Visitor: 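The following block contains the structure, expressed as structure tokens.
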Amino acid sequence: MKFARLLLASLAMTTWAASPISAQQAPLQVAFTFDDLPAHGPLPPGEYRPEPIRSIIKTLKTEQMPPVYGFVNGFRTAEYPYQTKLLREWIASGNPLGNHTWSHPSLDKSSAKKYIHNIAENEPLLEKVDPAGDWHWFRFPYLEEGDTMAKRNAVRDYLSDNHYKIAEVNLDFGDYLWNDAYARCAAKKDDAAVASLHDSYLATADEYITYSRTLSQRLYGRDIPYVLLLHVGAFDAKMLPELIGLFRKRGFEFVSLPQAESDPAYSVDPKVAYPGGGLLMELVATTRNVTLPNATQPEDELAKMCR
Ligand SMILES: [Zn+2]
């Protein structure tokens, strides 16, 4: 009897110690990443193309962020050759570049062959601007990793044969949606609307921090290091200091993409065709029949603003 009681007590202690909400847990970690360099989304009147990127570079420095990956679509530099300079400024500031395809195709709407050609088409530019850099990180446009297993496998084979690592995403609040609305509201000089965009951007980011943390707990029983998807848009640039502040307030420390993805959660390939794209955790959840948490969808509301 005595033994049984002791055993129960020790089991209870083990359970408590392994609890994901234990106060002993290591700090939360997140890697910020930016897509669509050198240009993303419309600009408000009076703002010029180099400004969002230069502002982001400045904020990353002021906030003493670790190196932040920027994912490049080279076709912009073919249209506007001066934008190559913005890529060089990104590297010169200590932030690395990665491959985001040449012209941002949707893998769902493309053949694997055309898509792979589009990845390769981006490589001479990356090699030219960053010959010494670790630019063999690939970010799938729209997070579409393949709507069929055949496409998924073909692209992954190309990536692994060419020594790429996949820059997965595990935190995404649809930041890009605010850039269009901001450009419209700023053009109408609607200060109240811009103020509401400011508030909803941070509130939605906060909600999706909870979304990803909840999903991570359901899948892994812990917080994995998160990788956040952002874009080099005008509103993203404007909001970046406060977004970094929000993550600090929620207990996060900042790590680089390679550091975050050194976690074993990132070495698991869920091997699932997933039309429409999603977070790595969302793909894993479908293979394990884990329910996704609820979250608001800001898209319709933002699309209506300042029309
Ligand atoms: Zn993109």
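What you see is a predicted model; the values in this text were computed from it and never measured. Both ligands and their constituent atoms are indexed starting at 1 by order of listing.
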Visitor: Please report, to 10°, the angle around the Zn ion (ligand 1) from atom NE2 (His100) across to atom OD1 (Asp36).
Guide: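 It comes to 90°.
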Visitor: Is the closest side-chain donor-acceptor distance between Asp236 and Tyr201 under 3.5 Å?
Guide: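 Yes, side-chain donor-acceptor contact under 3.5 Å.
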Visitor: Measure from the Zn ion (ligand 1) to each N, O or S atom of His231 and report whether any distance is below 2.8 Å.
Guide: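 No, His231 does not qualify, because none of its backbone or side-chain N, O or S atoms lies under 2.8 Å.
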Visitor: Quick one about Asn95 and Ser93 (side-chain donor to acceptor, distance below 3.5 Å, no hydrogens or angles considered), yes or no?
Guide: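 Side chains of Ser93 and Asn95: pair found under 3.5 Å.
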Visitor: Is there an N/O/S atom in His40 that lies less than 2.8 Å from the Zn ion (ligand 1)?
Guide: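 It does not: His40 brings no N, O or S atom closer than 2.8 Å to the Zn ion (ligand 1).
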Visitor: Give the minimum heavy-atom separation between Arg288 and Leu219, together with the two atoms involved.
Guide: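 Scanning both residues completely, I find the closest heavy atoms to be NH1-O, 2.9 Å.
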Visitor: Give a yes or no on whether Leu159 and Leu257 share a hydrophobic cluster (residues Ile, Leu, Val, Met, Phe, Trp, Tyr; joining criterion: side-chain heavy atoms under 4.5 Å apart).
Guide: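 Cluster IDs for Leu159 and Leu257 match.
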